[in-house]
Amino acid sequence: MRLSQMLWVTLREDPSEAEIKSHKLLLRGGYIRRITSGVYAYMPLMWRVLQKISWIVRAEMDATGAQECLLPQVQPAELWQESGRWETYTKAEGIMFSLTDRSNHKLGLGPTHEEVITAIARDMIRSYRQLPLNLYQLQTKFRDEIRPRFGLMRGREFIMKDSYSFHSSEASLKETYSVMDQAYCNIFNRCGLKFRAVDADSGAIGGSGSQEFMVLADAGEDDVLYTDDGKYAANVEKAISLASDLVPSAFTEYQKLLTPNTETIAKLAEVLKCSATQILKNVLYEVTYDSGITVLVLVSIRGDQEVNEVKLQNELVKVAENYQGKAVLALKVPDPESQKAWSSQPLPLGYIPPNLDDAYIAKNPRVNSKFLRLVDQTAVDLKDFVTGADVANYHVVGANWEKEFPLPKLVVDVRKAKAGDRSVHDPTQTLQTARGIEVGHIFQLGTKYSKAMGATYTNENGEEVPLIMGCYGLGVSRLAQAAVEQSYDKDGIIWNVAIAPYHVIICVPNVKDSAQMAVAERLLTELNQAGIETILDDRDERAGVKFKDADLVGIPFRIVTGRSLAEGKVEVVNRATKEANNIAIEQVVDSLLAEIFPK
RNA sequence: CGGGAUGUAGCGCAGUGGUAGCGCGCCUGCUUUGGGAGCAGGAUGUCGUAGGUUCAAUCCCUAUCAUCCCGACCA
């Protein structure tokens, strides 16, 4: 390929729309163009990178015995209604693009493919003899994200590898799950990424065990907690830890104290000269179920701890049937405006007790007449604690469960683990924190979808039972940008050889010098014939421009057919190290073969 | 969905109640040819869109659309 014939435009300055380095570099390097929010065109260089990653993914997936297929992007609402996800994926914060066809049928653009694959499995898998089975596809996914951002990091249209496995036993599922775990590690290693596998929440996809693969980078959207011994790593959404020790309370007598201007725990602890661990914090949430019922949730938790909303949401899903629902549509901390909508009188914000009276909300038909009261495990052990007095500017001290306040019946773990906490597996280890970009997520789904959609097979005993499933996702386009986020310098991108759009770029300092061009043409042919993907910068530009552009796009090796030609040599420069060597023209191919495909 | 910001040439940005400019890029010519060259000449704009105020609006007002950022943050 010759650059003079390629549609390729680099930018000197950072586009104002980009915030993080990888996004700026991909735009400046002419790799991507934004078409609308969260939707990008992949230009020729980008497409080569994506293809490289795709081939690595295919190779590793095929090696596990998985089979590639291609499922439809246009999916009927009926399938999603069967699984129970149509509502949660299209209403409220739902992320599925949905549409209606000419005959008034509802359709959705596939954000994921559990429904489609389960429908196929239901039709095609009849016997345990066909199991286990693992199908995968590489395809564009559509998700109407609440807030697309950072270029390919969170797009509304993106490329994903997803696979789905089917089993006749939990043991078989776990075996494939662990094979996928290994395959993912192989993929990320081959792409040259620094990553970490972490315990994860399974979210709306559902199921039991799940693990995320995080590319470590400060621009990542996820917080990862881990221990230095390498034995524990988890997404903060899922992470567990030991809470700090409870400081015994000095308040032995129950009394009500005037505590003005202590709406926050920090101020209260300062005024009362007590530890935040002795305070019982009562946090109000507003949850809306898919049944349309809104419930006000009062979470009591130790003052020094915070609520993990993902864990809280999982608890709320467990009790959804009490409110005729199956799923949570929205969960939020109500702001003063929405409080007005349902409270009969102003709430004593900052001074709320765990037994906040249902009378505040009982008269409003728009919300459930009673608070749903939850208490976090950490708060159950509190003695002689401090909490709100249900009146502005007053707190009570020396309070106890079942004496002044009834202990809520629902005891849950909704505590957010944080850096510095002691680890559960080894209390001498403390949790460290890092930012990560989620590029892969593997799940043990179990029978959630097969049961909902009636995907069964006949087992050894002649019984008809639901298929046991696993699913495994990998963000191809996100991985590409994550690789950039992890590997660049002041001059531009530094691609790993395995996923670089080309291995080598030949820069001709002066295209009007026929000797330079002749050598460049010869090397272009020889290198490509040797399997080294090479591009020739034959544009009529000055050398400096070509060097800047070559650095910006990050091709791993640069050949310069310049002044060293006098000695029958060309200069070979390593993009990552900037190391330059003059190598005899005849030896260039062998030398680069050794660098690019080391034994 | 809430909050904030921005829409002016391909990109980055100025600017003004009297019909618009800078840098880079682009085109032509000459010179130059190892780290985004120099000189000379040139082209490019419904000033996001729609209303309103005004003798006059890119500028002021209203609405709308788009894009980006922050938040779904704890009593």
Side-chain angles (χ1 to χ4, degrees), chain A residues 9-20 23-24 27-28 30 33-39 92-94 146-151 221 259 261-268 276 279-286 288 297-310 312-313 329-339 346-354 356 376 387-390 392-393 395 414-416 490-492 507-513 516 537 539-552 558 560-565 570-571 573 578 580 582:
Chain A
V9 178
T10 56
L11 305 173
R12 285 204 191 191
E13 290 173 278
D14 286 336
S16 59
E17 73 182 51
E19 198 68 18
I20 63 171
H23 188 196
K24 290 176 180 174
L27 285 167
R28 278 191 58 205
R33 307 292 283 196
R34 188 180 64 79
I35 300 304
T36 186
S37 179
V39 178
E93 309 280 88
I146 298 170
R147 184 145 91 90
R149 43 176 179 174
F150 303 151
E221 293 186 271
T259 53
N261 304 317
T262 55
E263 292 83 358
T264 65
I265 295 293
K267 283 193 216 162
L268 179 60
I279 299 170
L280 179 73
K281 178 162 75 175
N282 302 291
V283 189
L284 194 60
Y285 283 93
E286 182 180 330
T288 307
V297 183
L298 195 58
V299 181
S300 297
I301 190 168
R302 220 171 77 181
D304 62 320
Q305 301 298 326
E306 293 191 355
V307 174
N308 178 327
E309 293 192 359
V310 173
L312 174 60
Q313 177 153 343
L329 289 186
L331 173 64
K332 64 171 185 176
V333 173
D335 54 44
E337 277 305 302
S338 54
Q339 284 176 20
L347 293 168
L349 295 179
Y351 305 91
I352 290 179
L356 185 67
D376 184 75
T387 196
D390 201 12
N393 300 326
H395 278 90
V414 292
R415 192 179 127 259
K416 192 175 193 171
K490 66 174 169 49
D491 295 314
C507 290
V508 183
N510 183 358
V511 293
K512 296 198 178 79
D513 180 329
Q516 290 190 10
D537 190 349
R539 295 174 300 168
D540 187 9
E541 292 285 353
R542 295 166 63 85
V545 173
K546 298 186 182 192
F547 296 160
K548 287 285 185 191
D549 276 343
D551 285 349
L552 176 61
R558 185 179 82 209
V560 188
T561 58
R563 40 192 184 214
S564 54
L565 279 188
V570 292
E571 187 184 46
V573 185
K578 297 286 175 75
N582 287 332

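In this text the structure is predicted, and so the values were computed from the model without any measurement. In the text below, chain A, chain B and the rest are named by the order of the sequence lines, each starting its count at 1.
- Counting to the nearest Å, the C1' atom of G2(B) and the CD atom of Glu286(A) are 13 Å from each other.
- Checked against G34(B), C69(B), G25(B), the side chain of Glu19(A) finds its nearest nucleotide in C69(B).
- Remark: the Thr387(A) side chain and the Asn282(A) side chain contain an N/O donor-acceptor pair separated by less than 3.5 Å.
- Comparing the same atom, C1', in A66(B) and in U8(B) gives a spacing of 15 Å after rounding to whole Å.
- Comparing A72(B), G71(B), A37(B) by their closest approach to the side chain of Ile146(A) singles out A72(B).
- Within 4.0 Å (heavy atoms only), Arg415(A) reaches no atom of the nucleic acid at all.
- Checking the phosphate oxygens (OP1, OP2) of U32(B), no side-chain nitrogen or oxygen of Arg542(A) falls inside 4.0 Å.
- Rounded to a whole angstrom, the distance from the C1' atom of U46(B) to that of A20(B) is 14 Å.
- Using a 4.0 Å cut-off, some side-chain N or O of Thr36(A) falls inside it from OP1 or OP2 of U67(B).
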Intra- and interstrand pairs of RNA chain B - dot-bracket, Watson-Crick/G-U under 3.5 Å, | marks other strand: (((((((..((((....[..)))).((((((.....)))))).....(((((..]....))))))))))))....
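- Of the candidates G36(B), G34(B), A75(B), A75(B) carries the atom nearest the Leu284(A) side chain, counting heavy atoms from C-beta on.
- Nucleotides U19(B) and A57(B), compared at atom P, are 11 Å apart to the nearest Å.
- Put simply, CG on Asp551(A) and NZ on Lys546(A) are 14.5 Å apart, with the number rounded to the nearest 0.5 Å.
- Qualifying salt bridge (charged side-chain N to carboxylate O under 4.0 Å, His left out) partners for Lys512(A), counting only residues two or more places apart in sequence or in other chains: Asp540(A).
- Applying the 90° criterion around 0 to the glycosidic angle, U19(B) comes out syn.
- With hydrogens and angles disregarded, a donor-acceptor distance shorter than 3.5 Å links the side chain of Arg28(A) to the backbone of Leu11(A).
- The minimum heavy-atom distance between Val508(A) and Gln516(A), with the atom names listed, is CG1-OE1, 3.6 Å.
- For Arg147(A), whose side chain is taken as the heavy atoms from C-beta onward, the closest listed nucleotide among G71(B), G34(B), C74(B) is G71(B).
- To the nearest 0.5 Å, atoms NE2 (His395(A)) and CD1 (Ile352(A)) are separated by 10.0 Å.
- The side chain of Glu541(A) lies closest to C26(B), out of C73(B), G36(B), C26(B).
- You won't find any donor-acceptor pair under 3.5 Å spanning the side chain of Arg34(A) and the base of U67(B), going by distance alone.
- In this structure, CG of Asp551(A) is placed 13 Å from C1' of G34(B), rounded to the nearest angstrom.
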Annotated protein contacts, base or backbone, on nucleotides 6-12 of chain B with a non-hydrogen cut-off under 4.0 Å, one of B, S, - each: -----BS
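- Separating the C1' atom of G2(B) from that of U58(B) is a span of 31 Å, rounded to the nearest Å.
- In this structure, Val560(A) reaches the bases: a heavy-atom distance under 4.0 Å links it to at least one base atom across the strands shown.
- The line from OG of Ser564(A) to CG of Asn582(A) is 4.5 Å long, rounded to the nearest 0.5 Å.
- One P atom belongs to A72(B), the other to U67(B), and the distance between them is 22 Å to the nearest Å.
- Straight-line distance from the CG atom of Asp540(A) to the P atom of U32(B): 14 Å, rounded to whole Å.
- Taking atom C1' on both nucleotides, C59(B) is separated from G52(B) by 15 Å, rounded to a whole Å.
- The base of G36(B) lies close enough to the side chain of Arg28(A) for a donor and an acceptor atom to sit less than 3.5 Å apart.
- Relative to the side chain of Phe150(A), the nucleotides G34(B), U33(B), C69(B) differ in distance, and C69(B) lies closest.
- When heavy atoms are screened at a 4.0 angstrom cut-off, Ile352(A) is found touching the sugar-phosphate backbone but no base atom.
- In this structure, the CG atom of Asn582(A) is 15 Å from the P atom of G34(B), given to the nearest Å.
- Put simply, Arg149(A) has no side-chain N or O that comes within less than 4.0 Å of OP1 or OP2 on C69(B).
- U62(B) and A14(B) have their P atoms separated by 23 Å, given to the nearest Å.
- Residue contacts for Tyr285(A): at a heavy-atom cut-off of 4.0 Å it reaches a base atom on one of the strands shown.
- The CG-P distance, from Asn510(A) to A37(B), rounds to 14 Å in whole Å.
- Comparing Val545(A) and Asn282(A), the nucleotide of RNA chain B nearest to each residue sits closer to the 5' end for Val545(A).
- One interatomic measurement links the two molecules: NZ of Lys512(A) to C1' of U31(B), which rounds to 11 Å at whole-angstrom precision.
- Evaluation of the salt bridge (charged side-chain N to carboxylate O under 4.0 Å, His left out) rule for Asp549(A) yields Arg539(A) as partners, not counting sequence neighbours.
- Residue-to-nucleotide proximity on RNA chain B shows that, of Lys281(A) and Asp549(A), the 5′-proximal contact is made by Asp549(A).
- Evaluation of the salt bridge (charged side-chain N to carboxylate O under 4.0 Å, His left out) rule for Arg12(A) yields no partner, not counting sequence neighbours.
- Taken from CG in Asp513(A) to CG in Leu565(A), the straight-line distance is 7.5 Å, to the nearest 0.5 Å.
- Rounded to an integer number of Å, the gap from Arg563(A) CZ to U33(B) C1' is 12 Å.
- We find the CZ-CZ distance between Arg558(A) and Phe547(A) to be 5.0 Å, quoted to the nearest 0.5 Å.
- Using a 4.0 Å heavy-atom cutoff across all strands shown, Ile265(A) reaches sugar-phosphate atoms only and no base atom.
- Comparing G25(B) with A43(B), their C1' atoms sit 13 Å apart, to the nearest whole Å.
- Across the protein-nucleic acid pair, Glu221(A) atom CD and C70(B) atom P stand 9 Å apart, rounded to whole Å.
- Glu221(A) is listed as a side-chain neighbour of Arg149(A), based on a closest heavy-atom distance under 4.5 Å.
- Checked against salt bridge (charged side-chain N to carboxylate O under 4.0 Å, His left out), Glu17(A) has the following partners two or more places apart in sequence or in another chain: Arg34(A).
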